[in-house]
K.L.:
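Before I ask anything, here is the structure I am working with.
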Amino acid sequence: MRLEDTIAFITGSARGIGREIAETFAKEGALVLISDINAEAAQKTAEEFVQKGYKADHASCNVTNSADVEQCVDKILAKYGRIDILVNNAGITKDNLFIRMKEEDWDAVIAVNLKGTFNASKSVSKAMLKARKGKMINIASVIGVMGNAGQANYAASKAGVIALTKSLAREFASRSINVNAVAPGYIKTDMTDKLSEDVKNKILENVPLGRMGLPLDVANVCLFLASKESDYVTGQTILVDGGMVMY
Ligand code: NDP
């Protein structure tokens, strides 16, 4: 049990990659706090986990709203006393070519992906700084490293997450808080199921490992970053992209 006796708060974890991360952590003994903008869905996921014999509870918030996030974190701390692991996973896309991109689509993506990561990190960091330990894991994207036509808002938000990760890693290192990012490539989820077969085949031409990733591929790297095995790793961005980007 690599996460025995730990408490993990995972944003956007009612479904998709966040849910897989939560389940992977729970299998390793963590108590997982399922959090989502859709509180009902988060509660359902937490209940399913409890039925499977995992330690789980739900604590929902909209990551774009700092007061809502603060309240949610305070409730967790009042009930459980600490948060050992934070995974900033909640994320959205609103793709369009830059020339057609609406200001509101720019703002919405930055608000969830970047400001949301700021909000949750800010609320959780106070408790971690006091405890003088913690693991923060930010879900970025390979797009934040390489850019992508039609995803200027998403790429900028995820590049921001990577830079935020490095800055927090430097600020929090003296208190034994590790801050790292995971940058997935193309992962089989609802987000990518919408792509046409044509687009998927084009993408795969640039993936040396020749397949789309699975949520578990991302969750396994998060597990390493959440565990003691990564105690000497901070400020890093680990790409889980089948080799799309090598540097
Ligand atoms: P999904 O859309 O499947 O899941 C995202 C979750 O975040 C949903 O449960 C969603 O809730 C929730 N969410 C959305 N907005 C908010 C908000 N404001 N506050 C709290 N929760 C919110 O996405 P994925 O699982 O595919 O992606 C997870 C993360 O991985 C994202 O950060 C994404 O950018 C990143 N990623 C994904 C890749 C992929 O190929 N799938 C590739 C690279 C990175 P609801 O369902 O109610 O909208």
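Every number for a ligand or one of its atoms is a count from 1 in the order of the listing. Residues take their numbers from the sequence shown, with the count starting at 1.
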K.L.:
Hydrogens and angles aside, do S157 and N113 bring a side-chain donor and acceptor to less than 3.5 Å of each other?
P.N.:
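Note: S157 and N113 side chains meet the donor-acceptor criterion.
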K.L.:
As an exercise, identify every atom of ligand 1 less than 4.0 angstrom from a heavy atom of I139.
P.N.:
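Atoms satisfying the 4.0 Å criterion: 29 (C), 30 (O), 35 (C).
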K.L.:
For N62, is there any backbone N or O sitting under 3.5 Å from a side-chain donor or acceptor partner on D68?
P.N.:
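Yes; judged by distance alone, with no hydrogens or angles, the pair exists.
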K.L.:
Please could you name the atoms of ligand 1 that A90 approaches to less than 4.0 Å, counting only its heavy atoms?
P.N.:
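What qualifies from ligand 1 is 7 (O), 20 (C), 21 (N), 22 (C), 32 (O).
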K.L.:
Mind checking whether A111 contacts ligand 1 via backbone (N, CA, C, O), side chain (CB onward), both or neither, at a 4.0 Å heavy-atom cut-off?
P.N.:
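For A111, there is no contact with ligand 1 at all, from either part.
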K.L.:
Using a strict cut-off of 4.0 Å, indicate which atoms of ligand 1 neighbour a heavy atom of N38.
P.N.:
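Those of ligand 1 that fall under 4.0 Å from N38 are 47 (O).
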K.L.:
For ligand 1, which part of T189 has a heavy atom less than 4.0 Å away: the side chain, the backbone, both, or neither?
P.N.:
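Looking at T189 and ligand 1, just side chain atoms fall under 4.0 Å.
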K.L.:
Work out whether the distance between some heavy atom of C61 and some atom of ligand 1 is less than 4.0 Å.
P.N.:
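It does; at least one heavy atom falls under 4.0 Å.
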K.L.:
Do any heavy atoms of G185 fall under 4.0 Å from ligand 1?
P.N.:
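Judged by the 4.0 Å heavy-atom criterion, G185 does count as contacting ligand 1.
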K.L.:
Check this for me, if you would: do D84 and K135 make a salt bridge, where the nitrogen-to-carboxylate-oxygen distance has to be below 4.0 angstrom?
P.N.:
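K135 and D84: not salt-bridged.
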K.L.:
If we set the cut-off at 4.0 Å for heavy atoms, which region of K158 has an atom near ligand 1: side chain, backbone, both, or neither?
P.N.:
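The answer is the side chain of K158.
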K.L.:
Between K52 and E23, is there a salt bridge with N-O shorter than 4.0 Å?
P.N.:
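Between K52 and E23 there is a salt bridge, with a charged N closer than 4.0 Å to a carboxylate O.
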K.L.:
Look at E47 together with K44 and state whether they make a salt bridge at an N to O cut-off of under 4.0 Å.
P.N.:
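No, this pair does not count.
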K.L.:
Considering only heavy atoms of Y154, which atoms of ligand 1 have at least one such atom less than 4.0 Å away?
P.N.:
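Near Y154, the atoms of ligand 1 are 33 (C), 34 (O), 35 (C), 36 (N), 43 (C), 44 (C).
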K.L.:
If you count every heavy atom of other residues, nucleotides or ligands that lies below 6.0 Å from K202 atom NZ, does the total exceed 12?
P.N.:
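No, not enclosed.
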K.L.:
At under 4.0 Å between heavy atoms, which part of T192 makes contact with ligand 1: side chain, backbone, both or neither?
P.N.:
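T192 to ligand 1: side-chain contact only, backbone stays beyond 4.0 Å.
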K.L.:
Would you check whether T11 reaches within less than 4.0 Å of ligand 1, judged by its heavy atoms?
P.N.:
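Flag not set, T11 not near ligand 1.
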K.L.:
Using a strict 4.0 Å cut-off to heavy atoms of G91, name the atoms of ligand 1 that fall inside it.
P.N.:
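The atoms of ligand 1 under 4.0 Å from a heavy atom of G91 are 5 (C), 31 (C), 32 (O).
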K.L.:
May I ask you to decide whether K102 forms a salt bridge with D107, counting only side-chain N to carboxylate O separations under 4.0 Å?
P.N.:
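No.
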K.L.:
Mind checking whether V218 contacts ligand 1 via backbone (N, CA, C, O), side chain (CB onward), both or neither, at a 4.0 Å heavy-atom cut-off?
P.N.:
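For V218, no heavy atom sits under 4.0 Å from ligand 1.
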K.L.:
Could you tell me whether R211 and D217 make a salt bridge, using a distance below 4.0 angstrom between a side-chain N and a carboxylate O?
P.N.:
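Salt bridge: yes.
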K.L.:
Does some non-hydrogen atom of S13 fall short of 4.0 Å from ligand 1?
P.N.:
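The answer is no: ligand 1 sits nowhere under 4.0 Å from a heavy atom of S13.
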K.L.:
What are the atoms of ligand 1, with element, lying closer than 4.0 Å to any heavy atom of N62?
P.N.:
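Atoms satisfying the 4.0 Å criterion: 17 (C), 18 (N), 19 (N).
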K.L.:
So if I count the atoms of ligand 1 from 1 in the order they appear, which ones are less than 4.0 Å from some heavy atom of I92?
P.N.:
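That gives atoms 14 (C), 15 (N) of ligand 1.
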K.L.:
Going by an N to O cut-off under 4.0 Å, is there a salt bridge joining E4 and K228?
P.N.:
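Salt bridge: no.
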